[in-house]
Amino acid sequence: MTMATKAACVLAVWVLVASGLSDLGSARAPLGSKPQREFDYFALSLQWPGTICASTRHCCATNGCCRSEPLQTFTIHGLWPDYDDGTWPSCCRRTQFEMDKILPLKEVLDKYWPSLYCSKSGTCFSGKGLFWAHEWEKHGTCSAPVVQDELQYFTLALDLYFKYNVTEMLSSGWIQVSNGKEYALSDVIDTIKHAFGGSPQIVCKRGSIEELRLCFDKELKPRDCLTTSLANGSVSKSKHCPRYITLPTYDPLEIMTQFDEFEVPAALYTA
Ligand code: U2P
């Protein structure tokens, strides 16, 4: 084996190890090993399209960012069974995603649970596929005993999403979708706490909300997401968020003008 081949092998092994490590927190069991233990609570993870779509550089029919009307509500990322120690199970039962099982929900899923990217999502059991396939196989299969099958998983996520409308909770607390307006992180958390009955977890990207998570116990009652104790009381553990944050909007036309001449000219897609 030449030095160059050896180096290539070491690099390939390292890439494999590193990609396994990159999903820190996950408690994925190797196939064939003993079942993962029952989860402790659910996190309904919502994404703020304004933050994600601002970085969109490529459009396709399946990307929610490329619709002619900007998305101005939180959309669903996933319903995640989690452990109280900050880790989570993943890819639990070898049950492949089947679109046929959730066909009656397709229209609602397209609207409120769109992928905000063009790339296909990696799945546990069926190669690469839809965003929904990724979420079902990675998280849905670990949601027993509360959720038994795919249809129940998507129905439950949608039910919780509509019952606890975060976009409305924020606007009733005078926190509106706006361009550049800053809100105190503590005000956003308090508004959700007050309306929902539990502390959310917020993830930010460059000062803007990227994700907001609501947590539920296994009876589906609101509960706090994981918290850290601060001098001024217990607040949600919010990731990468400064004291003041924004909920930006985006202009789909601006996304379109960023195409370079070699890309397929894309029309704006209607939902
Ligand atoms: O936060 C980065 C990615 O880690 C996965 N995650 C995070 C928190 C949690 O409770 N459960 C969980 O799975 C998410 O991965 P995804 O579902 O997108 O594959 C999240 O995007």
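Just so you know, ligand 1 is whichever comes first in the structure, and atom 1 is the first atom listed for that ligand.
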Under 3.5 Å, which donor-acceptor pairs link side chains of residues 97-108 to any protein atom two or more places apart or in another chain?
| unit_1 | atom_1 | unit_2 | atom_2 | d |
| --- | --- | --- | --- | --- |
| Glu98 | OE2 | Lys101 | NZ | 3.4 |
| Lys106 | NZ | Asp110 | OD2 | 2.8 |

Would you say the rings of Phe74 and Trp48 are close, in the sense that their centroids are separated by under 6.0 Å?
yes
Kindly check if the number of other-residue, nucleotide or ligand heavy atoms within 6.0 Å of CZ (Arg93) is above 12?
yes
May I ask you to check if the distance between the SG atoms of Cys66 and Cys59 is under 2.5 Å?
yes
Going by the salt bridge (charged side-chain N to carboxylate O under 4.0 Å, His left out) test, which pairs reach into residues 73-88, not counting sequence neighbours?
Arg37-Asp85, Asp84-Arg223
Considering Glu210, His134, Arg213, His77, which one's heavy-atom position lies nearest to atom 1 (O) of ligand 1?
Arg213
Against heavy atoms of Glu135, which atoms of ligand 1 measure under 4.0 Å?
16 (P), 17 (O), 18 (O)
Can you tell me if Glu211 has a non-hydrogen atom under 4.0 Å from ligand 1?
no
Nearest to atom 5 (C) of ligand 1 by heavy atom, Tyr41, Phe39, Trp88, Phe131: which?
Trp88
Judged on heavy-atom distance to atom 14 (C) of ligand 1, which of Phe42, Trp80, Tyr83 sits nearest?
Trp80
What atoms of ligand 1 come within less than 4.0 Å of a heavy atom belonging to His139?
12 (C), 13 (O), 16 (P), 17 (O)
